[in-house]
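If you scroll down you'll find the structure; I have some questions about it.
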Amino acid sequence: MSTQIRITRVTTATVREMKRKGERVSMLTAYDYPTAAAMDEAGIDIILVGDSLGMVVLGYDSTLPVTMEDMIHHTKAVSRAAKRAMVIGDMPFMSYQASVEEAVRNAGRFMQEAGAHGVKLEGGREVADVTRRIVQAGIPVMAHIGLTPQSVHQLGGYRVQGKDHPSATRLLDDAKILEEAGAFSVVLECVPAALAEKITASLSISTIGIGGGIHCDGQVLVVHDMLGLFERFTPKFVKKYASLNVQIKEAVAQYVDEVKKGAFPGPEHSF
Ligand code: KIV
């Protein structure tokens with residue numbers, strides 16, 4: 001008799017239930033099949049195929065050059081791997097700003113072509129209509145406020161947002177507007193911990209922090225940051241759980257040495 005293990009997919013209902021029960025949501029980015037498969041097996045709740053792939057995978061200086069084709073390609077790979085985790089596709093710059101129709105169509109591509117279970121888009125009240133229409137199309141939306149990297153030039157750099165009273169009030173109002181527009185969760189990036197706590201307490205949807213302190217309902221990090229694979233810079237909010245860059249360099253140096261010396265391949269690797 002074969003025993004079949006049934007895996008229950010994390011959904012928007014699961015995320016809502018977790019907020020109700022006070023269970024924290026774990027989220028990481030991934031951009032490829034093996035990384036997503038390992039994360040899924042390790043029990044991650046949500047995998048975000050972030051447009052951060054522009055910086056940590058494709059080597060651009062910002063997320064702005066990332067295209068829908070890049071995102072669809074990587075989201076497909078992640079969706080094939082994720083058996084339990086909810087997969088969120090990150091809408092890249094200019095895929096949702098020009099018109100609501102284009103935004104709904106592009107969000108639909110993440111679901112139809114790439115196998116995602118929802119999309120994320122950056123912005124406050126200015127994306128409320130787009131959010132509402134995408135949700136009306138049956139597509140779960142994760143909002144993203146605070147430091148929104150696609151607006152880096154308008155924000156004047158990658159810096160903490162909501163530090164003074166007017167900007168903090170605006171972020172709180174934005175979060176409420178996006179909840180009302182139908183977002184099922186909201187990423188709070190680089191906002192003071194006290195503000196993130198206040199926003200979290202004011203919403204019935206989950207907040208996912210990245211540089212938002214401990215009081216958010218969940219946490220997200222860029223996987224290349226937390227595994228020590230991206231060494232160009234490390235934001236203050238990152239904790240490194242591994243140093244894979246060092247391990248890769250050591251392994252490659254050993255391989256080069258063994259190939260040069262004729263120590264690899266050995267008889268056990270030969271036919
Ligand atoms: O693109 C990304 O990885 C993100 C996370 C940092 C939230 O938006």
Side-chain angles (χ1 to χ4, degrees), residues 15 24-32 35-36 39 44-68 70-75 77-78 82 85-97 106-107 110 114 116 118-124 127 131 140-152 155 157-161 171 174-175 178 183-191 196 199 205-213 216-227 229-230 232-240:
V15 175
R24 302 191 82 225
V25 178
S26 62
M27 172 163 137
L28 281 172
T29 66
Y31 319 96
D32 62 70
T35 311
M39 275 179 194
I44 201 78
D45 296 315
I46 303 180
I47 301 178
L48 169 68
V49 188
D51 65 351
S52 50
L53 85 86
M55 297 175 83
V56 300
V57 174
L58 302 179
Y60 295 127
D61 283 340
S62 76
T63 58
L64 301 188
V66 176
T67 64
M68 271 302 292
D70 294 331
M71 292 307 303
I72 294 289
H73 178 73
H74 287 272
T75 306
V78 168
M86 180 180 201
V87 175
I88 299 292
D90 206 4
M91 297 195 69
F93 182 57
M94 275 302 136
S95 68
Y96 58 95
Q97 288 90 343
N106 282 326
F110 273 102
V119 297
K120 176 172 85 57
L121 48 104
E122 295 181 7
V127 295
T131 299
V141 172
M142 176 179 281
H144 181 163
I145 60 172
L147 172 56
T148 45
Q150 290 174 18
S151 310
V152 61
L155 297 175
Y158 297 98
R159 30 177 91 119
V160 179
Q161 303 294 307
L171 281 178
D174 279 347
L178 292 164
F184 77 96
S185 61
V186 54
V187 169
L188 304 179
E189 179 163 351
C190 279
V191 298
I199 294 175
I205 61 171
S206 294
T207 58
I208 315 277
I210 174 160
C216 294
D217 298 305
Q219 174 68 39
V220 59
L221 282 179
V222 169
V223 67
H224 286 58
D225 288 339
M226 60 87 76
L227 292 182
L229 256 177
F230 184 70
R232 230 156 68 196
F233 65 88
T234 306
K236 176 182 159 86
F237 56 71
V238 169
K239 177 174 174 185
K240 283 194 185 177

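As the structure lists them, so they are numbered: ligands from 1, and atoms in each ligand from 1.
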Between ligand 1 and the protein, which N/O pairs fall short of 3.5 Å?
from: ligand 1; atom 1: 1 (O); to: Asp51; atom 2: N; distance (Å): 3.2
from: ligand 1; atom 1: 1 (O); to: Asp51; atom 2: OD1; distance (Å): 2.9
from: ligand 1; atom 1: 1 (O); to: Ser52; atom 2: N; distance (Å): 3.0
from: ligand 1; atom 1: 1 (O); to: Ser52; atom 2: OG; distance (Å): 3.3
from: ligand 1; atom 1: 1 (O); to: Asp90; atom 2: OD2; distance (Å): 3.1
from: ligand 1; atom 1: 3 (O); to: Ser52; atom 2: OG; distance (Å): 2.5
from: ligand 1; atom 1: 8 (O); to: Lys120; atom 2: NZ; distance (Å): 2.9

By salt bridge (charged side-chain N to carboxylate O under 4.0 Å, His left out) - contacts of Asp225 (at least two apart):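 Salt bridge (charged side-chain N to carboxylate O under 4.0 Å, His left out) list for Asp225, sorted by chain: empty.
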Measuring only between side-chain heavy atoms, which start at C-beta, is Ile208 closer than 4.5 Å to Asp217? no
By salt bridge (charged side-chain N to carboxylate O under 4.0 Å, His left out), which residues pair with Arg159, not counting sequence neighbours?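 Per chain and number, Arg159 pairs via salt bridge (charged side-chain N to carboxylate O under 4.0 Å, His left out) with no residue.
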Is any side-chain heavy atom of Leu188 less than 4.5 Å from a side-chain heavy atom of His144? no
Does a donor on one side chain sit under 3.5 Å from an acceptor on the other, for Tyr96 and Gln150?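 There is such a pair (donor and acceptor under 3.5 Å, judged by atom type) between the side chains of Tyr96 and Gln150.
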With Asp45, which residues qualify under salt bridge (charged side-chain N to carboxylate O under 4.0 Å, His left out), at least two apart?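 Scan of Asp45 (salt bridge (charged side-chain N to carboxylate O under 4.0 Å, His left out), adjacent residues dropped) gives Arg84.
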